[in-house]
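Here's the structure, in structure tokens; my notes come after.
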Number of protein chains: 2
Amino acid sequence: MTTAAPAKPARRTPVPRNAARNSAESRIVRSIGEAIADRRLPPGTKLTEESLAEAFGVSRERVRKVLLLLAQRRVVTLIPNRGAFVAKPTAKEAREVFEARRVIERAIMERLERLPRPLPDDMLEKLRDHGALEDAAERAADRKAMIRLSGQFHLLLAEVAGNATLTGILADLIDRSGLAIAAFERRSSHTCSADDHRRLIAALIGNRPGEAMTLMIEHLDEVERQLDLEAKTDTRIDLKAIFANEPEPA
Amino acid sequence: MTTAAPAKPARRTPVPRNAARNSAESRIVRSIGEAIADRRLPPGTKLTEESLAEAFGVSRERVRKVLLLLAQRRVVTLIPNRGAFVAKPTAKEAREVFEARRVIERAIMERLERLPRPLPDDMLEKLRDHGALEDAAERAADRKAMIRLSGQFHLLLAEVAGNATLTGILADLIDRSGLAIAAFERRSSHTCSADDHRRLIAALIGNRPGEAMTLMIEHLDEVERQLDLEAKTDTRIDLKAIFANEPEPA
DNA sequence: CTGGCCCAGTTTGTGCACAATCTGGAGTGC
DNA sequence: GCACTCCAGATTGTGCACAAACTGGGCCAG
């Protein structure tokens with residue numbers, strides 16, 4: 001399952017051409033990020049360097065670099081001499097992340113309101129295309145696709161709004177809120193309803209930006225409200241993570 | 001010059017105790033970050049791995065790790081096979097960063113407004129202490145200290161507001177806006193006036209939160225207004241950096 | 001039986017050597 | 001004289017080997 005061929009020479013991969021170097025790296029980041037987002041890697045999961053290296057067919061150093069990147073984005077927690085774990089946000093952090101999202105996304109909706117009307121065709125097309133994808137995923141009951149598309153929807157709005165810096169910040173927050181949802185969701189909740197997105201798209205396309213703003217705020221509140229932030233999670237890993245994050249008294 | 005003693009054993013430093021490992025790393029990050037903030041390392045400066053390794057007395061791998069972290073925070077730009085450079089933001093990016101700061105800091109001021117009054121004593125003390133430090137730096141005409149304290153002031157407000165996630169986001173934005181200021185400041189401008197901060201502290205301590213909000217927004221606008229964002233900067237490095245950032249057509 | 005200690009195995013951390021790539025300049029043909 | 005090619009030096013990228021540290025279980029004393 002790990003390595004298809006028992007022969008070792010496959011391990012020797014001195015990078016024939018370097019064109020794929022940077023993309024291989026970000027490919028792994030995306031791959032792990034998506035696996036975390038759609039719950040294949042639940043919070044607290046140990047991410048052993050060697051296992052990941054085998055899984056992606058790269059060297060351990062590459063994995064180490066990727067883990068450092070993910071740690072910087074707070075998606076994984078790096079504990080010195082212990083290894084990497086899928087981050088397990090505390091209730092406090094979850095609330096903070098959602099508040100930050102409200103702050104950023106409110107700003108994005110304000111930006112969308114200020115865009116010259118009517119919106120350009122390619123923008124409308126992107127929105128409609130995305131809506132179609134979400135509809136399809138919902139009809140197919142493809143939960144993983146729905147989760148991924150839900151995040152992409154918010155990111156798409158940020159891109160359309162045109163501030164790449166805010167978009168980058170939001171990308172991180174979306175990953176982290178996915179983590180928070182994974183850690184605190186109630187049994188049998190439906191996370192991000194595609195219907196909210198549908199109405200939002202309709203409001204934007206129909207030139208009703210004020211309504212879109214209201215919908216977005218209600219949408220984010222609704223997602224957070226579906227979480228059980230009072231639930232006491234398994235504190236064992238939390239304690240270690242917390243103390244490992246601030247090991248320096250100076 | 002490279003190694004003080006011609007004898008080789010000094011080079012062998014297998015980390016006697018690991019307690020200082022993580023802190024050494026973040027110490028270098030802070031050190032480089034401050035050097036960039038107070039213009040000792042202007043935008044575009046080449047950061048050779050070996051030079052930094054010598055300067056900080058650590059191995060090249062450690063420096064590489066630090067540069068990766070700084071690159072993630074957009075403070076340095078990493079160009080494949082070319083090396084690391086102090087980031088040189090474009091005018092567009094500078095505007096975006098300042099807009100993002102307005103968004104985040106407006107949210108922080110709203111949070112401060114909602115804090116229960118009167119504010120706790122330790123909070124007031126922190127604000128007063130900081131004000132005293134800024135006054136002292138201004139009297140001493142210590143430009144470097146003023147720049148550093150100015151950033152710390154905004155960060156202090158974020159900490160007091162109590163959302164660590166927003167604080168983390170703002171920390172990055174402050175570093176990047178420092179970079180933007182370094183790249184676009186007009187000759188003979190006074191960056192962040194300590195007087196604005198003084199009035200802000202007074203408004204907060206004096207329980208006039210609405211006034212504080214207004215002051216903050218005006219303050220940020222003023223800082224951005226002092227920049228010459230129309231100036232065409234040297235595009236040679238920009239082109240390379242831009243094309244290196246998005247090398248993947250897929 | 002309980003608690004502490006120690007040891008073996010596994011995982012992470014780091015220095016190092018070498019490979020790949022880029023830069024700038026000299027050399028050569030048209 | 002101009003442009004193109006090629007080479008030497010320097011810098012970055014990567015695999016690898018070994019060292020350090022942690023984990024879990026067995027062992028021994030009380």
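First the proteins, then the strands, lettered A, B, ... as listed; each starts at 1.
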May I have the distance from [X] (atom [atom1]) to [N] (atom [atom2]), rounded to whole angstrom?
| X | N | atom1 | atom2 | result |
| --- | --- | --- | --- | --- |
| B:Lys65 | D:dT12 | NZ | C1' | 19 Å |
| B:Phe56 | C:dT14 | CZ | P | 17 Å |
| A:Glu61 | C:dC18 | CD | P | 17 Å |
| A:Leu67 | C:dG13 | CG | P | 10 Å |

Could you measure the distance from the [atom1] atom of [X] to the [atom2] atom of [Y]? Nearest 0.5 Å is fine.
| X | Y | atom1 | atom2 | value |
| --- | --- | --- | --- | --- |
| B:Leu157 | B:Arg111 | CG | CZ | 13.5 Å |
| A:Glu134 | A:His130 | CD | NE2 | 3.5 Å |
| A:Glu105 | A:Leu166 | CD | CG | 10.5 Å |
| A:Glu96 | A:Thr90 | CD | OG1 | 7.0 Å |

Quiz item: Would you say D:dG15 has OP1 or OP2 under 4.0 Å from some side-chain N or O of A:Ser59?
Solution: yes
Nucleotide N/O of nucleotides 10-12 of chain C paired with protein N/O under 3.5 Å:
unit_1: C:dT12; atom_1: OP2; unit_2: A:Glu49; atom_2: N; d: 3.4

Self-check item: Test side-chain contact (heavy atoms from CB on, under 4.5 Å) applied to B:Pro42 - qualifying residues, sequence neighbours left out
Solution: B:Thr45
Self-check item: Set of residues satisfying salt bridge (charged side-chain N to carboxylate O under 4.0 Å, His left out) with respect to B:Glu34, sequence neighbours excluded
Solution: none
